[in-house]
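I have placed the structure first, in the form of structure tokens, so that the comments after it can refer back to it.
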Amino acid sequence: MGKFIIEGPIRLNGEVEISGAKNSALPIMAASILSSGDVSLKNVPDLGDVRTMIDILNSAGFKVSFENNILSIKKADKLNSNVPYELVSKMRASFNVLGPLTVVNGEATVALPGGCSIGVRPVDFHIEGLKKLGFEVEQQHGFVTARKPKKLSGDVNIYLKYPSVGTTEHLMTTATLMKGCRVTLNNVALEPEIIDLQNFLNSMGAKIIGAGTSTIIIEGVEKLSGTDYSIIPDRIEAGTFIIAILASEGTGKVKNVIPSHLDALFEKLREIGTKFDILEPLREVHIPRNNLRELSGTDIDIEPYPGFPTDLQPQMMAFLSLVNGKSVIVENVFKSRFLHVDELKRMGARIDIKGNTAIIDGGVKYTSAPVQATDIRASAALLIAAICADGVSIINNIEHIFRGYENVIEKFKKLGAKIEYIKE
Ligand code: EPZ
């Protein structure tokens with residue numbers, strides 16, 4: 001695994017253009033399996049996880065081409081619905097191809113996704129939901145096989161015990177082609193990426209309503225046409241850059257943002273006293289220089305959307321360590337998403353962990369250190385800390401960051417960061 005060598009402290013300054021949303025592109029690519037025509041997707045970010053999903057679609061028999069952020073997916077003559085283990089083990093979101101492959105092909109087998117550094121990440125809600133849709137689902141030897149019943153009909157009512165993003169997307173997508181069925185999903189996730197998925201499916205002729213609310217209703221249809229669709233901007237990438245510019249006492253313009261997707265972040269940034277301007281019509285956030293000494297800590301409960309997003313928790317923790325006073329972050333989405341804490345402490349952060357709660361004693365000045373990246377968002381948090389740290393830091397295992405951020409080195413260098421990437 002390679003490393004970043006980062007010299008700090010640097011005050012970031014300039015403009016950054018946000019890419020398409022990774023967590024919208026991935027479920028939409030899985031849902032493209034349902035189409036009986038060709039699918040063209042615009043504003044798709046060129047990053048590791050998208051490349052993995054392209055490999056999965058190619059292994060299923062689709063012909064996928066990708067350039068200039070436009071993904072063209074040509075229908076497979078013959079669908080292979082056994083997804084190789086090594087692809088699923090690379091990325092958990094690939095599990096979401098199980099339902100669409102099964103509903104199209106009658107049967108499919110996908111490896112159980114591995115855990116990762118932010119927790120065990122089971123798929124029990126997915127399996128439970130597919131069974132409630134009427135599918136036979138069995139697990140053996142680390143694989144899950146699903147079979148479509150001969151007859152699918154009538155109304156199905158499913159209540160999710162947790163508003164799981166992936167489960168909502170998986171069941172909504174699978175139900176789309178269950179002709180003769182009306183599926184009601186209750187207590188679903190409310191994330192903007194769910195609305196994007198509904199709009200994508202409906203652009204192919206699906207009949208889905210309710211995304212963005214707690215109840216989604218899907219009228220199963222026989223067939224879906226091809227489509228030409230554009231992915232929404234990545235709210236987590238946008239939040240990462242906004243936090244990075246503020247933490248470095250820099251200035252900047254973050255462009256191609258949908259501000260309403262970041263209300264929870266903006267509320268907390270205001271609470272700690274930062275200044276920034278939201279230009280809704282322009283879809284931009286402008287950040288003047290903020291002085292860390294004038295900011296103070298706050299408390300954050302990490303919750304499903306529209307709450308403060310877990311995918312910005314590590315980055316916000318890196319920032320709150322720099323502002324004066326105490327902050328408390330309670331991580332309510334993942335059981336143990338705190339692997340970045342020990343690494344931030346090597347750079348001088350003062351953080352205590354009690355169960356799923358992080359108590360931050362702020363007002364530190366980061367000093368450089370060698371640290372380890374453990375997942376996409378932890379890598380981003382360490383990058384922010386290293387840019388603010390006095391001296392030359394090394395972030396090992398940095399490849400995680402390329403899974404979730406497009407052109408991350410170029411974008412940060414354009415803002416003035418001093419980053420050298422050593423491939424190993
Ligand atoms: C999606 O993961 C995102 N990934 C994650 O982003 C994000 O952190 C997460 O939603 C929460 O917002 C994609 O969209 C590709 P969940 P997902 O199902 O769908 C538990 C990133 O960095 N759970 O809402 O896996 C689970 O363990 C990634 O971009 C079960 O117990 O999230 C977690 O504690 C990281 N059983 C909670 O629910 C299940 O069957 C929320 O998970 C499914 C989930």
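Numbers here are sequence positions counted from 1. Both ligands and their constituent atoms are indexed starting at 1 by order of listing.
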Please tell me whether [X] and [Y] have a donor and an acceptor in their side chains that are separated by less than 3.5 angstrom.
X    : Y    : value
D46  : N69  : no
K411 : S19  : yes
E193 : S24  : no
R377 : Y405 : yes
T109 : T145 : yes
T310 : E331 : yes
E191 : H261 : no

Within a distance under 4.0 Å of any heavy atom of [X], pick out the atoms of ligand 1 and give their elements.
X    : result
G166 : 18 (O), 19 (O)
K22  : 21 (C), 29 (O)
Y162 : 37 (C), 38 (O), 41 (C)
R337 : 8 (O), 22 (O), 35 (C)
V123 : 39 (C), 40 (O)
H126 : 40 (O)

Check [X] against ligand 1 and report side chain, backbone, both or neither, counting heavy atoms closer than 4.0 Å.
X    : value
R92  : side chain
R377 : side chain
D124 : both
E331 : neither
E193 : neither
T310 : side chain
Y305 : neither

Requested in this report: Assess whether salt bridge (Lys or Arg N to Asp or Glu O under 4.0 Å) is satisfied between E107 and R147, documenting all intermediate values.
Outcome: CA-CA 4 Å; E107 177 175 327; R147 285 182 199 85; 3.2 Å; yes
Please list the nearest protein heavy atom to [atom] with its residue and the distance rounded to 0.1 Å.
atom                    : result
atom 2 (O) of ligand 1  : R121 NH2, 3.3 Å
atom 8 (O) of ligand 1  : D311 OD1, 2.7 Å
atom 24 (O) of ligand 1 : V165 N, 2.9 Å
atom 40 (O) of ligand 1 : F125 N, 2.8 Å
atom 31 (O) of ligand 1 : P122 CG, 3.3 Å
atom 34 (O) of ligand 1 : V333 O, 2.6 Å
atom 26 (C) of ligand 1 : F334 CE2, 4.1 Å
atom 3 (C) of ligand 1  : N23 ND2, 3.7 Å

Query raised in the report: Do any heavy atoms of A189 fall under 4.0 Å from ligand 1?
Result: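 Contact check A189 vs ligand 1: negative.
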Requested in this report: Could you tell me the separation between the CG atom of L339 and the CG atom of L344, rounded to the nearest 0.5 Å?
Outcome: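 That separation rounds to 11.5 Å.
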Query raised in the report: Should E136 and K131 be marked as a salt bridge (Lys or Arg N to Asp or Glu O under 4.0 Å) after you check the CA-CA gap, both sets of side-chain angles, and the distance that decides it?
Result: CA-CA 6 Å; E136 284 164 40; K131 286 180 175 172; over 6 Å; no
Report task. Start with the C-alpha gap between E249 and N290, add the side-chain angles, then the distance that decides, and say whether side chain to side chain contact (heavy atoms under 4.5 Å, CB included) holds. Result -> CA-CA 5 Å; E249 294 188 312; N290 279 252; 6.0 Å; no
Report task. Quick one: do F95 and H126 satisfy ring-ring contact (aromatic ring centres under 6.0 Å, His included)? Show the steps, please. Result -> CA-CA 9 Å; F95 189 70; H126 294 246; 5.7 Å; yes
**Report entry** Name of the residue among K345, Q313, Q315 meeting side chain to side chain donor-acceptor pair (under 3.5 Å) with H340
**Finding:**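 Only one of K345, Q313, Q315 forms a side chain to side chain donor-acceptor pair (under 3.5 Å) with H340, namely Q313.
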